[in-house]
Protein chains: 2
Amino acid sequence: MVKYKEIANTIKQRIIDGTYEAGKPFPDQHGLAEEFETSRMTIQKALEILRYEGFIYSVRGSGTFVKKNADTLSKLDSKADEYIGLTKQMAGTGTVTSKVLSFTIRFPNEIECESLQILPSQPVYDIRRLRFLNADPLLLEHTVMPIHVIPGITEEVLAGSIYDYIETRLKLGIGAANRMIGADKPNKDDEEYLRCQIDDPVLEVDQVVFLDNGVAFEYSQTRRRYDKGHIVMVNLNKKKDR
Amino acid sequence: MVKYKEIANTIKQRIIDGTYEAGKPFPDQHGLAEEFETSRMTIQKALEILRYEGFIYSVRGSGTFVKKNADTLSKLDSKADEYIGLTKQMAGTGTVTSKVLSFTIRFPNEIECESLQILPSQPVYDIRRLRFLNADPLLLEHTVMPIHVIPGITEEVLAGSIYDYIETRLKLGIGAANRMIGADKPNKDDEEYLRCQIDDPVLEVDQVVFLDNGVAFEYSQTRRRYDKGHIVMVNLNKKKDR
DNA sequence: TAGTGGTCTAGACCACGGT
DNA sequence: CCGTGGTCTAGACCACTAA
């Protein structure tokens, strides 16, 4: 473990256990550099992590301060932001399984070509899965992935987690994602698989997901019944002057 | 403008105009330091911005590379992530106005106390607004704000933007937000104000918003008809090893 | 082994806030 | 004015990748 991360963790611990109180003064960078027997640049790198994670903020000429919601964020931080999933009540309460409804290979349409940044001649998987939480139908998934980016998908892979396959078997890193969230009326598939009544709203997430080298690998739509969980997220505000 | 931001902008421009091609090699840090007549630390600070914004990635021992989706991100980047709002088609196509449905002061309930981190004795505004895009009802908003955090709210302020008031009049900075998104069946208010039919789903966003010093100032619920826009967001993946 | 990025140092000067 | 954080330097050593 490198020095600046160790220092960041130490300071984070002090914030959580109350050594550094919210709204209160904070040892200045020179003092911290002395205490940790390091240079000020290294202290700044440590503080930058905490600043990015929303624990502290600094005011030039004045000092560095613990945010009042530091402890709230510390709980949510690990779960949300990069994770889109079930509400906490549902996550951890059971196991997720998948039933493959259809699995074919075809050429992409125009929208898929644009979203995935591929040519019409580059074939894609077309996958429909119904995902269960403890035998309870939860999500209806329609996924399109370019074969040349994610090779070797089989029924066996689809029975588990595609993401696990990508990360552990293909050794590729998952990167950014663009998502669009909306509500919709149920269609026939929703009624059949998600057991929607005619007036049960559906929460839909459309997303394009990228590998960490910027190659798009998934264009998907997932639908869930309105009473089967929400989407939770944390937004850490970004500065605009960059 | 400081040096490392200028360098970051210059390099970003080169990525956008194609001087540095996606997937291709990239001048190394020593070379860039020479070109920009600066130290390597400064170059690294510039590259860190671009890395954070999703334009590039670096591999130790190998080099720095432009991500394949760099240009896609450059378009979305400014809009999304910190901004939750209408889809682009709807934003920019008109002016947003507000009608105040109710505006009272009361004591907070238990949930509000916890969410806003305040005491039951600290009064809050209770505001209901209907927001229009060009005379078209768009959002039904229910906002609860502690008076001692955001003083001086009047009907006049509510006719415009509360956020503008907070930033320009109170000179406070908006910070992080926790959001929960779900779909729901329409209630009577939705039918009356959003003109929902009985089977029109509603998209609901519940959020707690913080100032940049970590003080919670808003606990709100907004509802919109399913056909009146989506929520768009960009997730830049976070590293886990911190 | 050579070249890359990641970390770290021990200073320096500047911008800004509060006195 | 002093003390704070923000930026910057000119090196150094290390970890890793690829030839």
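Everything numeric in this text was worked out from a predicted model, so none of it was measured. Residue numbers begin at 1 in each chain, while the letters A, B, ... track the order of the sequences.
Within 3.5 Å, a donor on the side chain of R40(B) pairs with an acceptor on the base of dG6(C), or the reverse.
Within the structure, every side-chain polar atom (N or O) of S62(B) is placed at least 4.0 Å from both OP1 and OP2 of dT17(D). OP1 or OP2 of dT9(D) sits under 4.0 Å from a side-chain N or O of T42(B). Distances shorter than 4.0 Å separate none of the side-chain N or O atoms of K3(B) from OP1 or OP2 on dG6(D). The side chain of Y4(B) places no N or O atom within less than 4.0 Å of a non-bridging phosphate oxygen (OP1 or OP2) of dC8(D). At dT7(D), one or more side-chain N or O atoms of K45(B) fall inside 4.0 Å of OP1 or OP2 (strictly under the cut-off). Here S58(B) does not reach the OP1 or OP2 of dG5(C): none of its side-chain N or O atoms lies under 4.0 Å away. Taking 4.0 angstrom as the limit, T64(A) places a side-chain polar atom (N or O) nearer than this to OP1 or OP2 of dG5(D). Look at Q29(A) and you'll find a side-chain N or O under 4.0 angstrom from OP1 or OP2 of dG6(D).
Side chain of V59(B), nearest nucleotide from dC16(C), dT17(D), dC8(D): dT17(D).
For the pair E6(A) CD and dC8(C) C1', the computed distance is 13 Å after rounding to whole Å. Summarising the geometry, the separation between CE on M41(B) and C1' on dA12(D) is reported as 12 Å, rounded to the nearest angstrom. Taking atom NE2 on H30(B) and atom P on dA12(D), their separation rounds to 11 Å, with Å as the unit. The interatomic distance linking I56(A) (CD1) with dT4(D) (C1') rounds to 14 Å, in whole Å. Between the NZ atom of K5(A) and the P atom of dA15(D) there is a distance of 14 Å, rounded to whole Å.
Ion pairing between R14(B) and E35(B) holds under the 4.0 Å rule for side-chain N and carboxylate O.
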